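I have placed the structure first, in the form of structure tokens, so that the comments after it can refer back to it.
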Amino acid sequence: MTSCEGCLFALLDLKEKFFALNKKVRIKSFRLLEEGIHMSEEKFDIAFVEGSPLTEQNIEQLKKVRKQAKTLIAIGSCAHIGGIYHLKQYSDKEKIFNYVYSGNVGVENFDVLPVNKIVKVDYFLPGCPVNANEFLQFIHGLIIGKSPSIEQNPVCRECQIRGYECVLQKGEICLGPITQAGCDAVCLKSKQGCWGCRGLAEDAQIENLVKELRKKHTDHEIIKVLEVFGIKDLLN
Amino acid sequence: MKTIQINHIAKTEGHLSFVGALIDGDFAQARIETEEGARLIEGILLGRKYYEAPIITSRICGICPIVHNLTAIKALEQALNVRATKEVLVLRKILLLGQWIHSHALHAFFLSFPDLVGINNNLNLLKKYPKQSELALQVRDWAVEICRIIGGRTVHPINSVIGGFNVEPDFTELEKLMEQREEILQKAIKIFDFISARRLPKFQRPTNYVSLKTKNEYAYYDGDMFFSDNDQTVKVETALREIEEIILPYERVKRVRHDGRAIMVGALARINNNFDGLNANAKKSWEKLGIILPCYNSFYNIFAQVVEIIHCVEEIESLYSEYQKMREKSGFDSRLKVNFEPNPGKGFAAMEAPRGILYHEYELDRAGNILHCNIISPTTIFISNLEQDLEQLIPQLKKLSDVKKKVVIKTLIRAYDPCISCATH
């Protein structure tokens, strides 16, 4: 759907491992690789969807793919929790539309929704972009008939295991304690605090983190970071 | 009137369709339509913190996130009065060239080259040309690794921030990768020789090629804007005043006109305008084509990209030796990032993305909140030029069957390497 397609490139960057997949499963349609069967009537065992449904055509295609596929997997934070473009929801969407398009007619300005608000989703593979190795493990799990699942740990744990410096202790905003792991704490490797692109971890201790962050940051600053990938919407 | 419609053109970055009509044999109309939704990136940045912009704008495009990240950073550094150190600039330049190589290698070999040999599915390309595909993948992987080591990740950089880099790129990894550069250069030359042995469709249309220009190098990180039609170099801010972004009803992609006319940016524009700045092997490769510049055949953008891959590998070689020397000097670590405080200001930056000039501008308030943002991407700039090329091409194809016509039309569209995600930001 509408996206930066970074998740597709993250998969292509698996290189030979991606093409080796073709031995185990039949890749029926991948628009970066081939032409012709973009909107076919075929049935699929598994369909992966990425991006945000932001046009009539995106929504129509999403519903169609749901009917065609036995298993539908939403990949990337756009499809999973709304992602970056979901930031629109925290502003006056008419106002920002007019800022960009000067009141142009005929261009959709839909709410930016995660995929499960429109169709039933069987599994989610989170991340911005998706972790390609996790994608591979997930597919191998499906092939051997395991019900695949994402490991439920906070990013903090992966960060500590790797011995990266704690940016939270340094006084920066980091959502590592409440965010679902599986990213190898890649942002922390570059000393960038986690902004939660993979969504909330199970049993996330949100209050504890907020209490800690309030020591050094205003609520406004904390909320801004919670908004970036849509974590704010997952809090009750 | 005969209409030609091609829906959902695959193997491009982002989704697009083509609608064309041959009106009376010699006169045609052509239009590129985006199928990407409006994401309103400039709008969602309003009221957000300055440091979010390089992270958020890299999500405009998954194939060229680095150049969005770097252009945002450069514009914001101007707004914030931050002067990046020489060390930072060298690393940024290597990162940007890594971005060019992997974007070009994917496009030229895997998206456009199959059009020249009549292959629809890349899995068949791998079967038919396993050795050459392997070479192209190796060159691309090498560049992807550069981006991972310096940027912190292959897609959407993390380590590259306003002021410089958060951490020093792992030197052991970088050094190991750089040992392969001569080998990668030879592979890139082989790919050029292989791809450029194919015949491209005949086509000529005098075009205004626009690119950055600097005295000392084949411009990519900075420079003024050069216009080939009147042979003039003007300051970016002056050129931008003459550039008009046109919004049409029912169109999510804006179109750009300069002085009321279409302009062309990207690899072919750069080679036409800055040929003298190319490195030796890149020059030698282009010269094998025996074409007198300027080259007005837009299909040659494919070959131009491969020449640029060669140039970039050579350029990285000299940047890297400069970097090695800098690294040995004392205080190197402290020069990887400049500290600063937010302040009100305006900033803009133009950089050469793989597909041509990319422009970002920002205005910040005292607390570092974004008050204004505008982004003009290369595809937005060249889409009118592509449509005009198609309008000239379609009448030339009238003797061909509908199927063959569509093949040539798609070949030209893909030769431009449109990035519809960038264009519909």
Side-chain angles (χ1 to χ4, degrees), chain A residues 1-10 12-13 15-16 19 22 27 31-36 38-39 51-55 57-58 83-85 87-88 90-91 93 95-102 104-110 112 128-129 132 186-187 189-192 195 221 224 227-228, chain B residues 7-11 13-15 35-49 52 55-56 58-63 65 106 110-111 120-124 126 137 140-141 144 148 151-159 161 165-167 247-252 254 410 421 424:
Chain A
M1 294 179 291
T2 297
S3 71
C4 71
E5 300 195 345
C7 290
L8 303 186
F9 291 103
L12 274 187
D13 290 342
K15 305 153 197 171
E16 61 276 11
F19 294 106
N22 209 35
I27 302 172
R31 63 171 295 285
L32 279 178
L33 289 183
E34 96 279 53
E35 292 202 274
H38 199 56
M39 285 286 273
S52 299
L54 288 188
T55 64
Q57 202 186 7
N58 285 161
I84 291 260
Y85 321 134
L87 279 171
K88 180 170 88 174
Y90 305 122
S91 306
K93 70 172 188 167
K95 206 172 124 193
I96 69 168
F97 180 83
N98 289 331
Y99 178 71
V100 178
Y101 282 102
S102 313
N104 189 17
V105 290
V107 174
E108 303 93 328
N109 188 16
F110 294 154
V112 182
C128 181
V186 66
C187 292
K189 189 182 180 195
S190 291
K191 295 198 172 138
Q192 161 66 50
W195 288 4
E221 284 168 338
K224 283 283 173 198
E227 284 176 350
V228 176
Chain B
N7 291 330
H8 319 303
I9 299 178
K11 290 194 291 170
E13 217 292 312
H15 305 57
E35 295 165 15
E36 292 287 324
R39 293 172 292 166
L40 312 177
I41 298 284
E42 292 127 321
I44 62 180
L45 280 167
L46 297 179
R48 304 206 69 85
K49 291 286 178 199
E52 293 179 54
I55 294 176
I56 291 175
S58 69
R59 267 73 181 183
I60 288 173
C61 177
I63 196 167
L106 177 79
F110 295 99
L111 305 181
N120 279 334
N121 186 319
N122 277 8
L123 297 172
N124 295 338
L126 298 177
L137 280 172
R140 182 173 185 276
D141 289 351
V144 167
R148 183 186 65 76
R153 164 165 70 192
T154 61
V155 177
H156 300 321
I158 308 158
N159 193 24
V161 295
F165 291 88
N166 280 343
V167 294
I247 302 168
L248 298 168
Y250 298 93
E251 287 284 331
R252 298 182 205 107
K254 297 175 187 177
K410 282 196 277 192
S421 300
T424 325

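Note that the coordinates shown come from a computational prediction; the quantities given were computed from them, not determined experimentally. All values below were derived from every heavy atom in this structure, side-chain atoms included, with hydrogens, water molecules and symmetry-related copies excluded.
- Counting heavy-atom pairs under 4.5 Å between each of B/Ser421, B/Gly152, B/Pro249 and chain A puts B/Pro249 at the top.
- With rounding to the nearest 0.5 Å, the separation of CD in A/Glu5 from CG in A/Leu12 is 10.0 Å.
- Ranking A/Trp195, A/Tyr90, A/Phe97 against chain B, the residue ahead of the rest is A/Trp195, based on heavy-atom pairs under 4.5 Å.
- Ranked by heavy-atom pairs shorter than 4.5 Å toward chain B, the options A/Glu221, A/Glu227, A/Lys93, A/Lys95 are led by A/Glu227.
- No side-chain N or O of B/Asn166 forms a donor-acceptor pair with one of A/Ser190 less than 3.5 Å apart.
- One distance of note links CD of A/Glu108 with CD of A/Gln57; it measures 9.0 Å at 0.5 Å rounding.
- The CG atom of A/Leu54 sits 6.0 Å away from the NZ atom of A/Lys88 when rounded to the nearest 0.5 Å.
- If you tally non-hydrogen atom pairs under 4.5 Å between each of B/Asp141, B/Leu137, B/Ile56 and chain A, the highest count goes to B/Asp141.
- The residues B/Glu52 and A/Lys224 are annotated as not salt-bridged, no charged nitrogen and carboxylate oxygen being separated by less than 4.0 angstrom.
- The structure places OG1 of A/Thr2 at 7.5 Å from CZ of B/Arg39, a figure rounded to the nearest 0.5 Å.
- When heavy atoms are compared at a cutoff of 4.5 Å, B/Pro65 does not approach chain A at all.
- Separating the CD atom in B/Glu251 from the OG1 atom in B/Thr424 is a distance of 9.5 Å, to the nearest 0.5 Å.
- A donor-acceptor pair is defined here as one N or O able to donate and one able to accept, closer than 3.5 Å; no such pair exists between the side chain of A/Lys191 and the backbone of B/Val167.
- Top candidate by heavy-atom pairs under 4.5 Å with chain B, chosen from A/Ser102, A/Cys128, A/Ala10, is A/Cys128.
- There is no contact between A/Asn98 and chain B, counting heavy-atom distances below 4.5 Å.
- For a residue to count as touching a neighbouring chain, one of its non-hydrogen atoms must lie under 4.5 Å from one of that chain's; by this rule A/Ser3 touches chain B with the backbone only.
- Options B/Ile41, B/Leu45, B/Ile60, B/Val155 differ in how many heavy-atom pairs under 4.5 Å they form with chain A, and the most are formed by B/Val155.
- Taking chain A as the reference chain and counting heavy-atom pairs below 4.5 Å, the highest number among B/Asn124, B/Leu123, B/Val161 is found for B/Leu123.
- Rounded to the nearest 0.5 angstrom, A/Asp13 CG and B/Thr154 OG1 are separated by 4.5 Å.
- Residue contact with chain B, scored on non-hydrogen atoms closer than 4.5 Å, is absent for A/Cys7.
- Contacts of B/Ile63 with chain A are made by both backbone and side-chain atoms, with heavy-atom separations under 4.5 Å.
- For A/Tyr99, the part lying under 4.5 angstrom from a heavy atom of chain B is the side chain only.
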